[in-house]
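Here is how names work: the chains are called A, B, and so on, in the same order as the sequence lines, proteins then strands, and each is numbered from 1.
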2 protein chains.
Amino acid sequence: MTPPAAAAPQAARTPPGQARDKILATAFRLFYAQGLRAAGIDTIIAESGVAKATFYKYFPAKDDLILAYLEEVDGVWTGQLHAAAEAAGPDPAAQLVGLFDALASACRRDGYRGCAFINAAAESASGTRIHARTVAHKEHIRAWIRNLAVQAGAPDPDQLARSLTLVLDGGLASGVLDADPAAATAARHTAAQLVSANLGRNP
Amino acid sequence: MTPPAAAAPQAARTPPGQARDKILATAFRLFYAQGLRAAGIDTIIAESGVAKATFYKYFPAKDDLILAYLEEVDGVWTGQLHAAAEAAGPDPAAQLVGLFDALASACRRDGYRGCAFINAAAESASGTRIHARTVAHKEHIRAWIRNLAVQAGAPDPDQLARSLTLVLDGGLASGVLDADPAAATAARHTAAQLVSANLGRNP
DNA sequence: GTTGCCCTAGACAGACCTGTCTGATAGCTT
DNA sequence: AAGCTATCAGACAGGTCTGTCTAGGGCAAC
């Protein structure tokens, strides 16, 4: 029985097919900056400039959005690590040290708040999809580093990969406390010492 | 106009002065196991077996309880680190490695979920009291390790302390993913390598 | 006995959060 | 022009959260 209401003018309609990307970009920003729980669906919707129904069409539940976010972060961070390693040249031993430049770059970025995966794991119960996704990410990284260690001729690539991922995770974890570039520098230095000690030569 | 209601029998009254401890013990358990946001005040009150008014008398806001919790964790964890270091004997160099036994012990404990401080920082915005308390904790730990490094005669105690805290934090951070004892073992091994490399002798 | 303190029980307010639903609009295709 | 699909706007339901408030019960000291 409500009168048809004179049709509110709509502001800047999102072109078809771009809604999902806009949502994901906003979620990336808010989830990383505030944390998974602190960032509410309503806020993400409002800042995306998208209608609620559109949001729930693409992400039926908040967890689905979180998983998509983690997927995105995985791609970005893995890409940065690979790029930093390759920038160190063709020598695998040098790459094992050079990948730590990605940590230094991350530290310098505005709004840096450590590792999105560690932060996500801290907020999710073990056994959830979110937690499992985080574990999978860390395993991929370690497998990649282990592979580099093999190529570098490390006598115990598992051990070297463990050591280096510990230092990398330590650098990332301390990033949530303060974005101190000294931590990243120290991590690279530490990595160089470990690579040197475990290869028995100076890379 | 409600009738005086025949006075419900009260279950097990908390002795005066013990209410705060009961609340803090419950909060310790729930905050660590579930995270700061996931653990609700109502649940903590219910599991403490304490009345709501009593709770708010001791902790006017949730943040006050969280800070008390972090204070508690600081005492416990610092104590464990010191104990592990002292158990390694009087040699400071050996203590720098031995403190990592506290990490291995922590890993083996049921319900281990990494570092309470890193987890807390992941859930709190920078600038909050909670975040600041976390940063202070990490600085205390590093200052203590640096002191050991000085006693051990390290040529660059700052650098060695940095390296070792990176490895320690890495071990703790990976603990929120899975409580793999191998990570703790690897951390100790890595620490031994770093101490050896930075002291120029075999501890 | 009376006073004072600490405790219990639980209703309540107000905010916020996730997810559902209705109905209308824009723009492309046919 | 008609139809189709993706989008918009926002009300609404049901739950949870923090924090306040009222009313009363047990116990010890005075």
Problem - A:Arg146 and A:Ile141, any side-chain heavy atoms less than 4.5 Å apart - result: no

Handout entry: Whole-Å gap separating P (D:dT7) and OH (A:Tyr56)
Key = 17 Å

Problem - Presence of salt bridge, B:Asp178 and A:Lys138, under 4.0 angstrom - result: no

Exercise for the section: Look at all strands and tell whether A:Tyr58 reaches a base, only sugar-phosphate, or nothing, counting heavy atoms closer than 4.0 Å. Expected result: sugar-phosphate

Handout entry: For atom CD1 of A:Ile44 and atom P of C:dC17, their distance in whole Å
Key = 10 Å

Fill in the blank from the handout: Closest of C:dT8, D:dT7, C:dT18 to the A:Ile41 side chain is C:dT18

Practice task
Send over the distance from A:Ile23 CD1 to D:dC8 P, rounded to a whole Å.
Solution key: 9 Å

Problem - Side chain of A:Thr14 (C-beta onward), nearest among D:dG19, D:dC8, C:dG19 - result: D:dC8

Exercise for the section: Return the nearest nucleotide to the side chain of A:Ala51; candidates are C:dT20, C:dA9, D:dC8. Expected result: D:dC8

Problem - Minimum-distance nucleotide to A:Lys62 side chain [options: C:dG19, D:dT7, C:dC7] - result: C:dG19

Problem - Ion pair B:Asp180/A:Arg162, N-O distance below 4.0 Å - result: yes

Problem - No-H, no-angle donor-acceptor pair, A:Lys52 side chain to C:dG19 base, under 3.5 Å - result: yes

Practice task
Please report, rounded to the nearest Å, how far the P atom of D:dG10 is from the CZ atom of A:Phe55.
Solution key: 18 Å

Problem - Euclidean distance, atom CG of residue B:Asp42 to atom C1' of C:dC12 [Å, nearest integer] - result: 12 Å

Exercise for the section: Would you kindly give the CG-to-C1' distance between B:Leu30 and D:dC17, to the nearest whole Å? Expected result: 15 Å

Practice task
Could you tell me the separation between the CZ atom of B:Phe59 and the C1' atom of D:dG19, rounded to a whole number of Å?
Solution key: 16 Å

Handout entry: Distance, rounded to the nearest Å, where A:Arg37 contributes CZ and C:dC16 contributes P
Key = 17 Å

Problem - side-chain N/O B:Thr54 vs C:dT8 OP1/OP2, d < 4.0 Å - result: yes

Exercise for the section: When you get a sec, tell me which of D:dT20, C:dG19, C:dT22 is the closest nucleotide to the side chain of A:Ala61? Expected result: C:dG19

Exercise for the section: Between C:dT8, C:dT18, D:dA9, spot the one nearest the side chain of B:Arg13, thanks. Expected result: C:dT8

Exercise for the section: With rounding to the nearest 0.5 Å, note down the distance linking OG1 in A:Thr128 to CG in A:Asp63. Expected result: 7.5 Å

Exercise for the section: In plain terms, say whether A:Asp64 and A:Arg129 are close enough for a salt bridge, that is, a side-chain N and a carboxylate O under 4.0 Å apart. Expected result: yes

